[in-house]
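Input: a single structure, listed below in structure tokens.
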Amino acid sequence: MTLIPRSLPSVLATLLLMAGSASLHASEPEAAKAAQPWTPATLRQTLAQLPAGDAKRGEQVHTHFMCASCHGERGVAPTLNWPHLAGQKAAYTAKMMLDYQSGLRREGRRAELMYDIAVMMTPQQIADVSAFYAVQPVPRDDGTPRPQAQPAPRDMDARLLVRKGDPTRLITPCASCHGVVGQGGSREAPALAGQNPLYFVRTMLDYQGGVRNNDSAKGMRVFAHKLTRGEIEALARYYADLPTGKK
């Protein structure tokens, strides 16, 4: 389902990016099309080799690349289509930019737009903008509509999935990677607290359907495949409201 942006600047930025994307894609190297998946070792090594990020410089990067058009002035997306980046772990944001840059993330039009930005960024700029988002306050009461679907009788409660998982389906607790309060874990385990719930649902469905495949060792794809649509939407609501205590 295509969602309608809430802000005109986002529409304008998207049109500008799309207008310039054709020439970039036409000369896109074959290596980007065949990006190699991460292993835990290569991801750890690559992130360790990035320069130290500076949040003040990162704000300039954020401004220079017009990131606010989609992700908001301080990392809280003004539209239904894009993720909130405020309070996100720097390592995760950096990994996503590297994934876009290499072509590992190419699951849709939004990813194509991010590719066009990422290929213009230096490792220092990636580290800096990641540091900028990491120091922003986690979104609270962002006004994003929550999924309203009623769970099926067999769907597990989101709080149980987060804290206990489901041993009968070999589902590990979400908190084991993303933290008890959704603060994120090591390297590619992002912070989830306050995340745009519609983006959360779309991401989980992309993992579930194999559309998104930039997770090392297929961790998220295996996890998402075992969840029902109702459970995914319940988790989206849970994490979106986590900073406000409305669980």
Side-chain angles (χ1 to χ4, degrees), residues 2-29 32 35 47 50-140 142-145 190-191 194-200 202-203 206 212 214:
T2 301
L3 299 171
I4 300 175
R6 285 192 251 162
S7 65
L8 183 58
S10 177
V11 176
L12 294 176
T14 300
L15 290 175
L16 287 171
L17 286 169
M18 289 177 66
S21 65
S23 59
L24 281 171
H25 294 161
S27 59
E28 170 181 285
L47 291 176
L50 283 176
D54 180 88
K56 289 185 178 179
R57 288 198 307 262
E59 184 172 9
Q60 297 174 358
V61 176
H62 169 82
T63 300
H64 176 75
F65 286 101
M66 298 184 293
C67 304
S69 297
C70 296
H71 297 290
E73 290 295 332
R74 294 286 167 180
V76 180
T79 82
L80 306 179
N81 290 315
W82 298 91
H84 300 322
L85 302 179
Q88 186 56 265
K89 293 168 58 268
Y92 178 76
T93 301
K95 178 188 181 295
M96 290 303 102
M97 296 307 296
L98 293 172
D99 287 351
Y100 286 126
Q101 196 175 69
S102 70
L104 192 58
R105 277 202 67 176
R106 300 296 291 275
E107 72 269 15
R109 180 172 295 179
R110 298 175 188 85
E112 296 284 354
L113 296 175
M114 285 302 303
Y115 167 83
D116 292 341
I117 295 172
V119 293
M120 295 187 287
M121 296 180 72
T122 66
Q124 185 66 66
Q125 288 174 320
I126 289 175
D128 289 344
V129 79
S130 299
F132 168 70
Y133 292 127
V135 300
Q136 304 308 311
V138 172
R140 299 172 62 93
D142 66 343
T144 305
Q195 187 53 265
N196 176 350
L198 300 179
Y199 174 80
F200 181 102
R202 186 173 72 241
T203 298
D206 283 348
R212 179 167 166 175
N214 66 317

Heavy-atom closest contact ([X] atom, [Y] atom, distance):
X: S130; Y: A94; result: OG-N, 3.2 Å
X: P145; Y: P197; result: O-CG, 3.5 Å
X: L47; Y: A91; result: CD2-O, 3.9 Å
X: G87; Y: A191; result: O-CB, 4.1 Å
X: A90; Y: A134; result: N-CB, 4.0 Å
X: G72; Y: P78; result: N-CD, 3.4 Å

For residues [X] and [Y], determine if any side-chain heavy atom of one lies less than 4.5 Å from a side-chain heavy atom of the other.
X: R57; Y: V129; answer: no
X: Y199; Y: T79; answer: no
X: M96; Y: M114; answer: no
X: K95; Y: L98; answer: no
X: K89; Y: P190; answer: no

Subject >> Side-chain ion pair, D99 and R105, N-O less than 4.0 Å >> reply: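 Judged by the 4.0 Å cut-off on N to carboxylate O distance, D99 and R105 do not form a salt bridge.
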**OP:** Would you mind listing every salt bridge (charged side-chain N to carboxylate O under 4.0 Å, His left out) that reaches into residues 66-87, with sequence neighbours excluded?
**Re:**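 Output for this query lists E59-R74.
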Out of curiosity, [X] [atom1] to [Y] [atom2], how far, rounded to the nearest 0.5 Å?
X: C70; Y: L113; atom1: SG; atom2: CG; answer: 7.5 Å
X: H84; Y: F200; atom1: NE2; atom2: CZ; answer: 13.0 Å
X: L85; Y: Q88; atom1: CG; atom2: CD; answer: 7.5 Å

Go through the structure and list residues passing side-chain contact (heavy atoms from CB on, under 4.5 Å) with [X], not counting sequence neighbours.
X: V138; result: A193, P243
X: P123; result: L50, P51
X: A86; result: V76, Q136, P139

Original post:
Cation over ring, R106 on Y115, under 6.0 Å and within 45°?
Top reply: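 Yes, R106 sits over the ring of Y115.
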Subject >> With Y100 via ring pair (Phe, Tyr, Trp, His ring centres under 6.0 Å) - residues at least two apart >> reply: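 By the ring pair (Phe, Tyr, Trp, His ring centres under 6.0 Å) rule, Y100 matches no residue at all.
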**OP:** Please name all residues satisfying ring pair (Phe, Tyr, Trp, His ring centres under 6.0 Å) with H62, sequence neighbours left out, ordered by chain then number.
**Re:**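 Residues passing ring pair (Phe, Tyr, Trp, His ring centres under 6.0 Å) with H62: F132, Y133.
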Subject >> Any donor-acceptor N or O pair under 3.5 Å, side chains D142, T144 >> reply: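 Judged by distance alone, the side chains do pair up.
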Looking only at atom types and distance, does a side-chain atom of [X] sit under 3.5 Å from a main-chain N or O of [Y], one as donor and one as acceptor?
X: E107; Y: N214; result: no
X: Q101; Y: M121; result: yes
X: D128; Y: V61; result: no

